[in-house]
Amino acid sequence: MSIEGSFNPKDIEQDLYAEWEQANYFAPSGNGPSYCIMIPPPNITGSLHMGHAFNQTLMDTLIRYQRMAGKRTLWQMGTDHAGIATQMLVERKLLADGVSRHDIGREAFTEKVWEWRKESGGTISQQIRRMGSSLDWSRERFTMDEGFSRAVREVFVRLFDEGLIYRGQRLVNWDPRLRSAISDLEVENHDENGHLWHFRYPLKDRKTTDGKDYLVVATTRPETMLGDTAVAVHPEDERYKDLIGATVVLPLVGREIPVIADDYVDPEFGSGCVKITPAHDFNDYEMGKRHDLPMVNVLNPDATMHESVPEAFRGLDRYEARKAVVAALESEHRLDTIEPHKLKVPRGDRSGEVIEPYLTDQWFVRTGPLAEPAIEAVEDGRIEFIPKQFENTYFAWMRNIQDWCISRQQWWGHRIPAWYDADGNVYVGRSEAEVREKHSLAEAVALTEEEDVLETWFSSALWTFGTLGWPEETEELSQFHPTDVLITGHDIIFFWVARMIMMTMHFTGEIPFKKVYIHGLVRDALGNKMSKTKGNGLDPLDFIEGVELEELVAKRTNNLTQPQMAPRIEKSTRKDFPEGITSYGTDALRFTFCAMATLGRDVRFDVKRIEGYRNFCNKLWNATRFVLQNTDGHDISGESTPSLVDRWVLSKLRGTLAEARLALETYRFDLYASAIYEFAWHEYCDWYVELTKPLLWNEEATPEELTGTRRTLLEALEILLRAAHPVMPFITETLWRDVAPMLGKATSSIMIEAYPEPADLAEDTEAETAVEWLKGVIVGVRNIRGEANIKPSQSVSLLLQGGDASDRLLADTTDALLRRMAKIDDIQWLEADDEPPANALALVGDLKVMVPLAGLIDVGAEKERLSKEIDKLDKDIKRLEGKLGNDSFVAKAPEAVVQKERDKLSDATGKRDALKVQLAAL
RNA sequence: GGGCGCUUAGCUCAGUUGGGAGAGCGACGGCCUUACAAGCCGUAGGUCGCAGGUUCGACCCCUGCAGCGCCCA
């Protein structure tokens, strides 16, 4: 027996994982039906955060369950090249040595990135192993490995050939810091304080109805006025109707631009006149197209002013230009008013930089045709979101989907497989050679490869089939695709889930997964989003391994983008974790996540919770110690006579198994966790183990009885460990390896054992009834003892009266148990007409359970206890009488419901009356 | 502005066809009882956000309102 002392996760988790991995237990095996989950590939730049830990706990729980349940499981591992994030990281590293990526050039730079990946890209893989995640590492993929790259090229070329990818000049979201286009989804709009500037644009040879020779236009972005190509008014606006078609002279520039009419203009906003800058605003762009306006670009890629603007502004940064434009207009008396204004400012989700709508040549996916079948698949239920309401989110976005800008002006990523000739003609193909052949281009024709790369989500969209070998028709594809369930956060439904559905259906004709389980975000104890800047981030590894306070403070305050936050972060950290964080272990962390995984809700991570589940681990540990102490060295192979409680615990366990399986099949991880917790602690430990002691320590017990109980202690525990293994793999494995051999089990690991089924155990209503009766009597006596402050060491006598033959029989069979569990030294039955001595009373059905006062019990306290009980019953009775006195209730409610209420009433009345008699007798 | 969600014990949250309001933590009282003080036994605590409606009956269904949160524009 190796289980000793108390539960110490550090002692047991270290080696088990390596052993499992070495034994190849994570790879698909067996001939069962296949079951597959694809990991949302973590970024190679990433380190494990609470979101990963949560996400993976759920996946691993499912995979381990399904594996044990006989499925041929594949949990596919892989990482994402994370284009922008990785490039930024490596660039920063180079810059620290004073080198920019432009200094060394594209080829050398990407070489550096590969080097970095080799050295540091594996961090997260090691951390994932600490979570116990049973991923198939042997098939690990990377979104830029050779096979995956081939799939990406293949998809691009086919989409292009089908006319679903096109290249063109469009207004896109431009990140001036990255100097790249980004997609709509990568733009975050936040309210910020700004100003609304009102300018006077002179009318050429015209006057307004109120006699002015100018129009007032308002803007939040003065610098863009240099690119104005029209002023728009609402067609029905009486003030300006006559001026439609008139000409305005653009100040500072001198360009003559028309006054146009468009429904889009809100006459209520500002003056009702709007300046139109088609090259720098999405709405203006659309209006420009409608009215065939010229597009004047005024910005360079780094958001300095373009040479198309008047000389005074050229080369200025956009914000300097803003001041300069305002100043210049003011000096020309063209500035009307300035007012404070709240506006939505678009920022890049990676860089934080203010995004510019910018006119550039980019590659786009025509999403309409791809979206249609993807919408249908969810509508007809082939793909199901859990919880269901996320389908609305999905539909809303998909039904209004815009073309997808997929090109990025970056170096790290999948290079777009396109080539240009000297005339700017573009050729798309899997390789330059293929392009030349396809288009009969002689060697003499010079071709330049496209510089742009694909955005990362383009390749992630191919994840479910790309990892399984597509475009080859592999064994894996036919076996594991479509995958069974995707488990992910709601933040990437559009980024990833929707695009996967579109791409997968288009290229494989199959859905990528049957279910999408959407979980919430992990927040801190106060419900705040965890962030580095706020310094409230929690590291899952700190909960697993523990961390000293000083180290935690250092971790949270190092490398802050806003170093001025450090003192505040330090203070709150010292307050929240005065002792640092102790080691709770992986199992406790996983159990916490499971228990908190309720549908459609974010998770507030509270240390108190994980502490409770660490205690639960300790409870299991000690229960196992008890079982082993009482079984080790005993031969349990012989004849056995299971006791009533033996039969009871197995019957209860049967119910727990049914609950656990149902919960897991319906993704109710919380219910699964609580079924395990409830049985293990409150049935097995609190009652069963205690109820075995009288027999185990009874010198007169027969060998058959002892064997029956010893067997059952082991059997129930062994089954419980298997049932709990998916959520707490390490402790269950450790304990199981000591428990299972006692039962003659020979396999080497719990993780390849069968998941227990309710059918493995017998339902035993007789035993359940009996033990529930016994518990009732024990609790009754305990209540009396507790309320009367009778010391636990003090034995009491017990008087029983009333009830029927079954009460007598039950009391008889459970005599020894009763005596021990309620510390009773003497039990006597009174006849119906016997007058009991002064006593404290508890009722179990019709049975009176009495503890004689005999100087033990404070009469006052007992009277108070009885009165309280009577009050409670009176309330119930009143409510029940009211209900049953209501004719329409009796007439309209189902008979069973009415009968139930009647039974409750007679129960309560009987009980109340008995207690009243008792109270009077005291 | 549109959509979705949340509001239940001091705190964090369950409550699955509408029919006796639950758990964990915390609080209080008592226990070093030969697995476990990371434990054991017991107790207290809720007009289920507010106002209407449907129903014999509403935490649950409908409407409106308030507060909070998220997504989209």
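The figures here come from the full heavy-atom set of this structure, side chains too, leaving out hydrogens, waters and symmetry mates. Letters A, B, ... are given to chains in the order of the sequence lines, protein chains preceding strands, and every chain is numbered from 1.
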K.L.:
Could you tell me how far B/A9 sits from B/G49 if I compare only their P atoms? Round to whole Å.
P.N.:
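The same atom, P, in both gives a distance of 8 Å.
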
K.L.:
If you measure from the C1' atom in B/G5 to the same atom in B/U47, how many Å do you get, rounded?
P.N.:
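Roughly 25 Å separates the two C1' atoms.
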
K.L.:
Need the pair for B/G69. Rule: Watson-Crick or G-U wobble, both distances under 3.5 Å, any strand; none if unpaired.
P.N.:
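Pair assignment: B/G69 / B/C4.
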
K.L.:
Taking only side-chain nitrogens and oxygens of A/N783, does any of them come within less than 4.0 Å of OP1 or OP2 of B/U43?
P.N.:
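A/N783 to B/U43 OP1/OP2: side-chain N or O found under 4.0 Å.
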
K.L.:
Classify the ring geometry of A/Y517 against A/F669: parallel below 30°, tilted from 30° to 60°, perpendicular beyond 60°.
P.N.:
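A/Y517 and A/F669: perpendicular rings.
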
K.L.:
Atom OH of A/Y264 and atom P of B/A73: how far apart are they, to the nearest Å?
P.N.:
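Rounded to the whole Å, the gap is 14 Å.
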
K.L.:
Taking atom P in both B/G46 and B/A23, what distance in whole Å separates the two?
P.N.:
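Looking at atom P only, B/G46 and B/A23 are 15 Å apart.
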
K.L.:
Whole-Å distance between B/C36 P and A/N630 CG?
P.N.:
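After rounding, the gap between these two atoms is 11 Å.
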
K.L.:
Is A/N618 near enough to B/G39 that one of its side-chain N or O atoms lies under 4.0 angstrom from OP1 or OP2?
P.N.:
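Checking A/N618 against B/G39: no side-chain N or O falls below 4.0 Å of OP1 or OP2.
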
K.L.:
The test is side-chain hydrogen bond (donor to acceptor under 3.5 Å, both in side chains); show your working for A/Y613 and A/D587 and say whether it passes.
P.N.:
CA-CA 8 Å; A/Y613 294 125; A/D587 291 322; over 6 Å; no

K.L.:
Reading RNA chain B from 5' onward, which residue's closest nucleotide shows up sooner: A/G786 or A/Y677?
P.N.:
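It is A/Y677 whose nearest nucleotide is closer to the 5' end.
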
K.L.:
Evaluate the ring planes of A/H682 and A/Y677, with Trp represented by its six-membered ring, and classify them as parallel (under 30°), tilted (30 to 60°) or perpendicular (over 60°).
P.N.:
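Geometry flag for A/Y677 against A/H682: perpendicular rings.
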
K.L.:
Nearest to the side chain of A/P792 - B/C31, B/G5, B/A38?
P.N.:
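Closest nucleotide to the A/P792 side chain: B/C31.
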
K.L.:
Ignoring the backbone of A/E787, work out which of B/C40, B/C71, B/G42 is nearest its side chain.
P.N.:
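When the side chain of A/E787 is considered, B/G42 is the closest of B/C40, B/C71, B/G42.
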
K.L.:
Applying the Watson-Crick and G-U wobble criteria at under 3.5 Å, what pairs with B/C31? Answer none if nothing qualifies.
P.N.:
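Its partner is B/G39.
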
K.L.:
When all nucleic acid strands are considered with a 4.0 Å heavy-atom cut-off, which category describes A/K619: base, sugar-phosphate, or nothing?
P.N.:
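Contact class for A/K619: base.
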
K.L.:
Closest to the A/R604 side chain: B/A35, B/U12, B/G19?
P.N.:
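Closest of the options to the side chain of A/R604: B/U12.
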
K.L.:
For the pair made of NZ in A/K344 and C1' in B/G2, what is the distance, rounded to whole Å?
P.N.:
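Roughly 13 Å, once rounded to whole Å.
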
K.L.:
When you measure from the side-chain N and O atoms of A/K892 to the phosphate of B/C56, is any distance below 4.0 Å, counting only OP1 and OP2?
P.N.:
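Answer is yes, contact under 4.0 Å.
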
K.L.:
Pick the P atom in B/G20 and in B/G29, then give their distance to the nearest Å.
P.N.:
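The answer is 35 Å between these two P atoms.
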
K.L.:
Could you check which of B/G39, B/U34, B/C36 has an atom nearest any side-chain atom of A/W697?
P.N.:
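Of the options given, the side chain of A/W697 lies nearest B/U34.
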
K.L.:
Does A/T598 have a side-chain nitrogen or oxygen under 4.0 Å from the phosphate oxygens OP1 or OP2 of B/A14?
P.N.:
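Checking A/T598 against B/A14: at least one side-chain N or O falls below 4.0 Å of OP1 or OP2.
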
K.L.:
When the C1' atoms of B/U43 and B/C6 are compared, how many Å lie between them, rounded to an integer?
P.N.:
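The same atom, C1', in both gives a distance of 33 Å.
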
K.L.:
With a 3.5 Å limit on both atom pairs, tell me what B/U54 is paired to, counting Watson-Crick and G-U wobble, or say none.
P.N.:
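No nucleotide pairs with B/U54.
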
K.L.:
Whole-Å distance between B/C36 P and A/L735 CG?
P.N.:
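Those two atoms, CG and P, are 16 Å apart.
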
K.L.:
Specify the residue among A/K872 and A/R782 whose closest nucleotide of RNA chain B lies further upstream toward the 5′ end.
P.N.:
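Residue closer to the 5' terminus by nearest nucleotide: A/R782.
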
K.L.:
Between A/E678 (CD) and B/G15 (P), how many Å, whole number?
P.N.:
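Rounded to the whole Å, the gap is 16 Å.
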
K.L.:
Assess the pair A/F605 and A/F593: is the distance between their ring centroids shorter than 6.0 Å?
P.N.:
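A/F605 vs A/F593: aromatic centres under 6.0 Å.
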
K.L.:
Using a cut-off of less than 4.0 Å, is there contact between a side-chain N or O of A/R625 and OP1 or OP2 of B/C36?
P.N.:
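Negative; the distance criterion is not met.
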
K.L.:
Kindly say if A/H682 contacts the phosphate of B/G24, meaning a side-chain N or O under 4.0 Å from OP1 or OP2.
P.N.:
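Result: yes.
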
K.L.:
Quick one: which of B/A38, B/U12, B/G19 gets closest to the side chain of A/R614?
P.N.:
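Nearest to the side chain of A/R614 among the choices is B/A38.
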
K.L.:
Tell me whether A/R782 forms a cation-pi arrangement with A/W687, defined as NZ or CZ under 6.0 Å from the six-membered ring centre and within 45 degrees of its axis.
P.N.:
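Yes, A/R782 lies over the aromatic ring of A/W687.
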
K.L.:
Could you state the atom-to-atom distance from CD of A/E881 to C1' of B/G20 in whole Å?
P.N.:
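These atoms are roughly 16 Å apart.
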
K.L.:
Working to the nearest 0.5 angstrom, can you tell me the gap between A/C405 SG and A/E186 CD?
P.N.:
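Taking SG in A/C405 and CD in A/E186, the distance rounds to 9.0 Å.
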
K.L.:
So what does A/E901 touch, heavy atoms closer than 4.0 Å: a base, only the sugar-phosphate, or nothing?
P.N.:
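Sugar-phosphate: the residue A/E901, judged by heavy atoms under 4.0 Å, touches backbone atoms but no base.
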
K.L.:
Among the candidates B/C31, B/C13, B/A35, find the nucleotide nearest to the side-chain atoms of A/R601.
P.N.:
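The closest nucleotide is B/C13.
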
K.L.:
Hey, are A/D876 and A/K904 close enough for a salt bridge, meaning a charged N less than 4.0 Å from a carboxylate O?
P.N.:
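No, this pair does not count.
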
K.L.:
Measuring to OP1 and OP2 of B/G20, would you say a side-chain N or O of A/K904 lies under 4.0 angstrom away?
P.N.:
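For A/K904, the contact criterion (side-chain N or O under 4.0 Å from OP1 or OP2 of B/G20) is met.
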
K.L.:
Once you apply a heavy-atom cut-off of 4.0 Å, does A/V627 come out as touching a base, just sugar-phosphate, or nothing?
P.N.:
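If one applies the 4.0 Å heavy-atom cut-off, A/V627 turns out to touch nothing in the nucleic acid.
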
K.L.:
Rounding to an integer number of angstrom, what distance separates B/C40 and B/U33 when you compare their C1' atoms?
P.N.:
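8 Å, rounded to whole Å.
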
K.L.:
Looking for any heavy atom pair under 4.0 Å, which part of the strands does A/E690 touch: base, sugar-phosphate only, or nothing?
P.N.:
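It contacts base atoms.
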
K.L.:
Tell me the interatomic distance from A/M596, atom CE, to B/U12, atom C1', rounded to whole angstroms.
P.N.:
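In whole Å, B/U12 C1' lies 6 Å from A/M596 CE.
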
K.L.:
P atom, B/G18 versus B/C62: distance in rounded Å?
P.N.:
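One P to the other, the span is 11 Å.
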
K.L.:
Among B/C56, B/A35, B/C4, which nucleotide has an atom closest to any side-chain atom of A/A893?
P.N.:
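Side chain of A/A893 sits closest to B/C56.
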
K.L.:
State whether A/R668 places a side-chain N or O below 4.0 Å from either non-bridging phosphate oxygen (OP1 or OP2) of B/G15.
P.N.:
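A/R668 to B/G15 OP1/OP2: side-chain N or O found under 4.0 Å.
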
K.L.:
Looking at B/G45, which nucleotide sits across from it as a Watson-Crick or G-U wobble partner, both distances under 3.5 angstrom, or is there none?
P.N.:
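Because no pair has both required distances under 3.5 Å, B/G45 counts as unpaired.
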
K.L.:
Using a 4.0 Å heavy-atom cut-off, does A/A396 contact any base of the nucleic acid, only the sugar-phosphate backbone, or nothing at all?
P.N.:
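It contacts nothing in the nucleic acid.
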
K.L.:
Measuring only the C1' atom in each nucleotide, how far is B/G24 from B/C61? A whole number of Å is fine.
P.N.:
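Pairwise C1' distance, B/G24 against B/C61, rounds to 30 Å.
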
K.L.:
Side chain of A/K791: nearest nucleotide among B/U16, B/A38, B/G30?
P.N.:
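Closest of the options to the side chain of A/K791: B/G30.
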
K.L.:
Compare the minimum distances between each of B/A14, B/U12, B/G20 and the side chain of A/L671, then state the nucleotide with the smallest one.
P.N.:
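Looking only at side-chain atoms, A/L671 lies closest to B/A14.
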
K.L.:
Indicate yes or no: does A/K344 engage A/D191 in a salt bridge with an N to O separation below 4.0 Å.
P.N.:
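A salt bridge is present here (some side-chain N lies under 4.0 Å from a carboxylate O).
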
K.L.:
Of the nucleotides B/C70, B/A35, B/C56, which has the atom closest to the A/C685 side chain?
P.N.:
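The listed nucleotide nearest to A/C685's side chain is B/A35.
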
K.L.:
Could you give the CD1-to-C1' distance, from A/I493 to B/C71, as a whole number of Å?
P.N.:
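Result: 9 Å.
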
K.L.:
Please check if atom CD in A/E895 has more than 12 non-hydrogen atoms from other residues, nucleotides or ligands closer than 6.0 Å.
P.N.:
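Yes.
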
